[in-house]
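Report on one structure; see the data block that follows.
It should be emphasised that the depicted structure is a prediction, and the values quoted were computed from it without experimental measurement. Side-chain atoms are counted along with the backbone in the values below, which use heavy atoms only and exclude waters and symmetry mates.
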Amino acid sequence: MIFGPSGAGKTTLLRALAGLERGGAARIAMEGEDVASLPPGRRRIGFVTQQAALFPHLSVNANVGYGLHGMARDARVVRVLEMLRLVGAEHLVGSRSSHLSGGEAQRIALARALAPMPRLLLLDEPFSALDGKTSDELLARLQPWLRERGVRVIQATHDATDAFLTHAEVVLLRDGQIVAQGPGFEVLQAERERLARSLNVAQRPAS
């Protein structure tokens, strides 16, 4: 999990991993394979952002099945329905994407990213349109499914609760630099103490 305040560089880092941002001289490797030179479509990386970015002229089913190239029609239908059930959106089968609420659109964007069975899933605060209870329920649905299929996840967030709920390894970004990495309770505890010290200094009356 990538944790840091707004402007720390979380989105830029995820976009570089997905192949949507130039990484400069950085080496990007997955399972020993250098993927920096591969186009986004060949990296097998799913990416879900704060904005669902669905294709408004396509139905919910067509959006979810958009990346299933080369799959037989019947198999594609089965996969789409499986993904909709996974994200709790089976009631949206056949709906028009342009008629979805923000939370519904985010579920469909997540289903679309998972449908091609990526080896890595990038999440850029995708649950911001969902209330806390719904977000927690969705994470509970996803975690065992992702674990069973060996899909690795990198989630960017500024909400410490996300890190604690997922028990994830946390990378702390500040001003585009990695300043700490480790278990969430260690990294975030140190960050809380740093912020508390800064706040105490700022509030201390001048002598």
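- Heavy-atom contacts from other residues, nucleotides or ligands closer than 6.0 Å to CD of Gln51 number 12 or fewer.
- No donor-acceptor distance shorter than 3.5 angstrom exists from the side chain of Glu125 to the backbone of Gln155, with no hydrogens or angles considered.
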Run the side-chain contact (heavy atoms from CB on, under 4.5 Å) test on Leu114 and Leu142 for me, step by step, so that the C-alpha distance in whole Å, both residues' side-chain angles and the decisive distance to 0.1 Å come before the verdict.
CA-CA 10 Å; Leu114 291 172; Leu142 288 176; 3.8 Å; yes
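- Following chains of ILVMFWY side-chain contacts shorter than 4.5 Å, one can reach Ile108 starting from Leu139, so the two form part of one hydrophobic cluster.
- Between the CE atom in Met1 and the CD atom in Glu169 there is a gap of 11.5 Å [rounded to 0.5 Å].
- When atom types are taken as modelled, the side chain of Gln106 and the backbone of Pro126 share a donor-acceptor pair closer than 3.5 angstrom.
- Checked by atom type and distance alone, the side chain of Ser97 pairs as donor or acceptor with a backbone atom of Leu58 at under 3.5 Å.
- Contact of the Pro118 side chain with the Ile45 side chain is not registered, since no non-hydrogen atoms from C-beta on lie closer than 4.5 Å.
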Go through the steps to decide whether Ile154 and Leu120 satisfy the test side-chain contact (heavy atoms from CB on, under 4.5 Å), and finish with yes or no.
CA-CA 8 Å; Ile154 299 178; Leu120 175 65; 4.0 Å; yes
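- Applying the 6.0 Å contact sphere to CZ of Arg96 captures no more than 12 heavy atoms from other residues, nucleotides or ligands.
- Here the rule is side-chain contact (heavy atoms from CB on, under 4.5 Å) with Leu123, and of Thr157, Leu110, Leu14 only Leu110 fits it.
- In this structure Glu137 satisfies the salt bridge (Lys or Arg N to Asp or Glu O under 4.0 Å) test together with Lys133, sequence neighbours excluded.
- Listed for the Arg43 side chain is a donor-acceptor partner under 3.5 Å among the backbone atoms of Leu17.
- For Asn61 (side chain) and Gly94 (main-chain N/O), a donor-acceptor pair under 3.5 Å exists by modelled atom type.
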Test side-chain contact (heavy atoms from CB on, under 4.5 Å) on Arg73 and Arg76 and set out the steps.
CA-CA 5 Å; Arg73 183 181 181 279; Arg76 189 164 60 247; 4.0 Å; yes
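- Linking ILVMFWY residues whenever their side-chain heavy atoms come closer than 4.5 Å, directly or via other members, places Leu81 and Leu54 in the same cluster.
- With sequence neighbours left out, Arg107 forms a side-chain hydrogen bond (donor to acceptor under 3.5 Å, both in side chains) with no residue at all.
- Taking all atoms of both residues into account, the shortest heavy-atom contact from Ala113 to Phe47 is CB-N, 4.1 Å.
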side-chain contact (heavy atoms from CB on, under 4.5 Å) evaluation trace for Met117 with Met83
CA-CA 10 Å; Met117 301 297 176; Met83 295 300 101; 4.1 Å; yes
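- Between Gly88 and Glu90 the shortest heavy-atom distance is C-OE1, 3.4 Å.
- In this structure, Arg147 has no salt bridge (Lys or Arg N to Asp or Glu O under 4.0 Å) partners at least two apart in sequence or on a different chain.
- In this structure, Leu13 CG and Ile178 CD1 are separated by 7.0 Å, a value rounded to the nearest 0.5 Å.
- Within the 3.5 Å criterion, the main-chain N or O of Arg85 finds a donor-acceptor partner in the side chain of Arg141.
- A single hydrophobic cluster is seen to contain both Met71 and Leu84, as judged by linkage of ILVMFWY side chains at heavy-atom distances under 4.5 Å, directly or through other members.
- When every heavy atom of Ala105 is checked against every heavy atom of Ala52, the shortest pair comes out as O-CB, 3.5 Å.
- When every heavy atom of Asp124 is checked against every heavy atom of Ala156, the shortest pair comes out as OD1-CB, 3.9 Å.
- Counting all heavy atoms, side chain and backbone alike, Ala115 lies closest to Leu68 at O-CD2, 3.4 Å.
- For the pair Lys10 (side chain) and Pro5 (backbone), a donor-acceptor distance under 3.5 Å is present.
- Using a distance-only test at 3.5 Å, with no hydrogens or angles considered, a donor-acceptor pair links the side chain of Glu104 to the main chain of Ser101.
- Tyr66 and Leu20 end up in different hydrophobic clusters when Ile, Leu, Val, Met, Phe, Trp and Tyr side chains are linked at under 4.5 Å.
- Linking ILVMFWY residues whenever their side-chain heavy atoms come closer than 4.5 Å, directly or via other members, places Val93 and Leu100 in the same cluster.
- A cation-pi contact, defined as under 6.0 Å to the ring centre and within 45° of the axis, links Arg112 to Phe55.
- Atom CZ of Arg149 is surrounded by more than 12 heavy atoms from other residues, nucleotides or ligands within 6.0 Å.
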